[in-house]
Novice: 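Sharing a structure below in structure tokens format, with a few things to ask.
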Amino acid sequence: MTETPTAERGRASAGKKRPSLFARIGLFLRQVRAELLKVVWPTRTELITYTIVVLVFVAMIMVYVGFLDLGVSKLVLAVFGN
């Protein structure tokens, strides 16, 4: 019978000791810091521009949904009456 890779991996790692909880947390935080250093952060001007674009887009969607809601409510009142 052939063994699955999972069974082989489980047997191979059985002899290894896991690092302590604090060591794992420290490793995680070091990795997070390393990844954050790779991020290309936007400049202040880019951030302001992106924020304005998002706010304008959200306002446009709000107006669209508001008119859609108004139209559907008028349609429901016309069909079912008051």
Side-chain angles (χ1 to χ4, degrees):
M1 182 172 172
T2 62
E3 294 188 22
T4 63
T6 307
E8 292 172 7
R9 187 177 24 220
R11 198 174 310 121
S13 65
K16 295 181 183 176
K17 185 178 177 188
R18 274 177 69 170
S20 71
L21 176 65
F22 294 110
R24 286 183 285 157
I25 291 172
L27 174 63
F28 173 74
L29 292 176
R30 283 192 303 275
Q31 289 174 344
V32 167
R33 184 175 186 274
E35 288 298 321
L36 284 175
L37 290 174
K38 295 178 188 177
V39 174
V40 178
W41 297 99
T43 64
R44 185 175 181 85
T45 306
E46 290 172 336
L47 186 64
I48 291 170
T49 303
Y50 298 156
T51 303
I52 290 170
V53 167
V54 168
L55 291 176
V56 167
F57 179 75
V58 168
M60 288 175 17
I61 296 299
M62 284 173 49
V63 169
Y64 173 74
V65 170
F67 280 124
L68 194 64
D69 181 50
L70 183 65
V72 170
S73 65
K74 296 275 187 189
L75 180 66
V76 168
L77 277 177
V79 170
F80 296 108
N82 192 3

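This one's a predicted model, so the numbers in the text were calculated from it and none came from an experiment.
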Novice: Using residues 45-68 as the side-chain source, report each donor-acceptor pair under 3.5 Å to any protein atom, sequence neighbours left out, with the distance given to one decimal.
Specialist:
{"residue": "Glu46", "atom": "OE1", "partner": "Thr43", "partner atom": "N", "Å": "3.0"}
{"residue": "Thr49", "atom": "OG1", "partner": "Thr45", "partner atom": "O", "Å": "2.9"}
{"residue": "Thr51", "atom": "OG1", "partner": "Leu47", "partner atom": "O", "Å": "2.7"}

Novice: With sequence neighbours left out, write down each residue that passes salt bridge (charged side-chain N to carboxylate O under 4.0 Å, His left out) with Lys38, or none if nothing qualifies.
Specialist: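 Partners of Lys38 under the salt bridge (charged side-chain N to carboxylate O under 4.0 Å, His left out) test: Glu35.
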
Novice: Holding to side chain to side chain contact (heavy atoms under 4.5 Å, CB included), I want the full list of residues that pass it with Ala34, two or more places apart in sequence or in another chain.
Specialist: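 Counting only residues at least two positions away or on another chain, Ala34 forms no side chain to side chain contact (heavy atoms under 4.5 Å, CB included).
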
Novice: Any chance you could pull the hydrophobic cluster mates of Leu27, using side-chain heavy atoms under 4.5 angstrom and chaining through other members?
Specialist: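 None, because no other hydrophobic side chain comes under 4.5 Å of this residue.
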
Novice: Given a cutoff of under 4.5 Å between side-chain heavy atoms of I, L, V, M, F, W and Y, with clusters grown through shared members, what are the other residues clustered with Leu21?
Specialist: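 In the cluster with Leu21 are Ile25, Phe28, Leu29, Val32, Leu36, Val39, Trp41.
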
